[in-house]
Amino acid sequence: MTQALQQEILRRLEKHYPRPKTALNHANPFQLLVATILSAQCTDERVNKITAELFRCCPNPAAMAERSEDEIAEYIRSAGLWQAKAKNIKATAALLLKKHDGRVPDTREELMALPGVGRKTANVILSNAFGVPAIAVDTHVQRTANRLGLASSDNPNAVERQLMEVVPESRWSDAHHWLIYHGRQLCRARSPLCGQCFLRDICPSARL
DNA sequence: ATCCCGAGGG
DNA sequence: CCCTCTGGAT
């Protein structure tokens, strides 16, 4: 995998996915955090539907912390892993009030100390809500980066490091979105749509 | 049947 | 490192 080829791939990704297409509200760290916790094993459409209802009654940590786990669970039943998510969302809201003056913290250490927040979620918040350069690596990013030859590891942290080498820092948060959307729309886990992919002529894993 | 925009726990 | 949790999409 030559460096020139990697750069060409990044150029095309940027061209094809010009702006991060997310319905998540970047200006509201708390809602972004909740939506990101919900997004595991769940489609965007479903997360958007759930949060539209949930944030009507619980738009901030104070309101969320007042609800019981069961009440929160009511809203998120249609998402997978709802039991753990309801518990984590409530506990996180309470912890934000208790330790962070009701605000979402802006360091990785503090974020990862919140219930339900791991490195991936922390990186999403850092890069999307606070402008801190970070690349959140989930299964789509991992698979897609590996197929495209931008990384080569089954370890998310290694993939994160490798991507930070290849992608200019100013584009880290964008790269996350490129690979997420590419991974979902074309470079799918099971049946990748290589035939209609704009990278098929230079992708190391392309199968036509 | 199998997999998914993870995290926590053993 | 392995497991479990979950509904929904394919």
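Naming convention: chains lettered A, B, ... in sequence-line order (proteins, then strands); numbering from 1 in each chain.
In the model, A:Thr144 has no side-chain atom that pairs as donor or acceptor with a side-chain atom of A:Arg147 under 3.5 Å.
Rounding to whole angstrom units, CD1 of residue A:Ile76 and P of C:dT6 are separated by 10 Å. For the pair A:Arg184 CZ and C:dA9 C1', the interatomic distance rounds to 10 Å; values are reported in whole Å. One interatomic measurement links the two molecules: CD1 of A:Ile125 to P of B:dG6, which rounds to 14 Å at whole-angstrom precision. Rounded to whole angstrom, the span from the CG atom of A:Asn155 across to the P atom of B:dG6 amounts to 16 Å. In this structure, A:Lys49 atom NZ and C:dG7 atom C1' are separated by 13 Å, rounded to whole Å. Taking atom CD on A:Gln142 and atom P on B:dC3, their separation rounds to 15 Å, with Å as the unit. For the pair A:Lys120 NZ and B:dC4 P, the computed distance is 14 Å after rounding to whole Å. Computed from coordinates, the A:Ile37 CD1 to B:dG8 C1' distance equals 13 Å when rounded to whole Å.
With DNA chain C read from its 5' end, the first of the two nearest nucleotides for A:Arg188 and A:Cys42 is the one closest to A:Cys42. If you find the closest nucleotide of DNA chain B to A:Gly118 and to A:Ala189, the one lying nearer the 5' end belongs to A:Ala189.
Contact annotation for A:Leu38: no contact, since no heavy-atom pair falls under 4.0 Å across all strands. Residue A:Thr121 is classed as a sugar-phosphate contact, given heavy-atom separations below 4.0 Å to backbone atoms only. Residue-level contact check: A:Ser39 touches the bases, meaning some heavy atom is under 4.0 Å from a base atom. If you check every strand for non-hydrogen atoms under 4.0 Å, A:Gln83 touches sugar and phosphate atoms only. Contacts of A:Arg77 with the nucleic acid, taken as non-hydrogen atoms under 4.0 Å apart, involve only primed sugar atoms and P, OP1 or OP2. Counting any heavy atom pair closer than 4.0 Å across all strands shown, A:Val117 reaches sugar-phosphate atoms only and no base atom.
Taking atom C1' on both nucleotides, B:dA7 is separated from C:dA9 by 22 Å, rounded to a whole Å. Spacing between B:dG9 and C:dG7 at atom C1', rounded to whole Å, works out to 22 Å. Separating the P atom of B:dA1 from that of C:dT6 is a span of 22 Å, rounded to the nearest Å.
Ring-plane geometry between A:His182 and A:Tyr17 is classed as perpendicular, the angle between the planes exceeding 60 degrees on a 0 to 90 degree scale with a lower cut at 30.
A sub-4.0 Å separation between OP1 or OP2 of B:dG6 and a side-chain N or O of A:Gln41 is present. At C:dA9, none of the side-chain N or O atoms of A:Thr43 fall inside 4.0 Å of OP1 or OP2 (strictly under the cut-off).
Nearest to the side chain of A:Arg143, among B:dG6, C:dT6, B:dC4, sits B:dC4. Checking C:dA9, C:dT6, B:dG6 against the side-chain heavy atoms of A:Trp82 singles out C:dT6 as nearest. Of all nucleotides listed (C:dT6, C:dA9, B:dC4), C:dA9 comes nearest to the side chain of A:Arg46.
Hydrophobic clustering (side-chain heavy atoms under 4.5 Å, transitive across Ile, Leu, Val, Met, Phe, Trp, Tyr) keeps A:Val34 apart from A:Leu81. Linking Ile, Leu, Val, Met, Phe, Trp and Tyr whenever their side-chain heavy atoms come within less than 4.5 Å puts A:Leu199 and A:Val166 in one cluster.
Shortest non-hydrogen contact noted between A:Lys90 and A:Ala65 is NZ-O, 2.8 Å.
Between the side chain of A:Arg200 and the backbone N or O of A:Cys197, at least one donor-acceptor pair lies under 3.5 Å.
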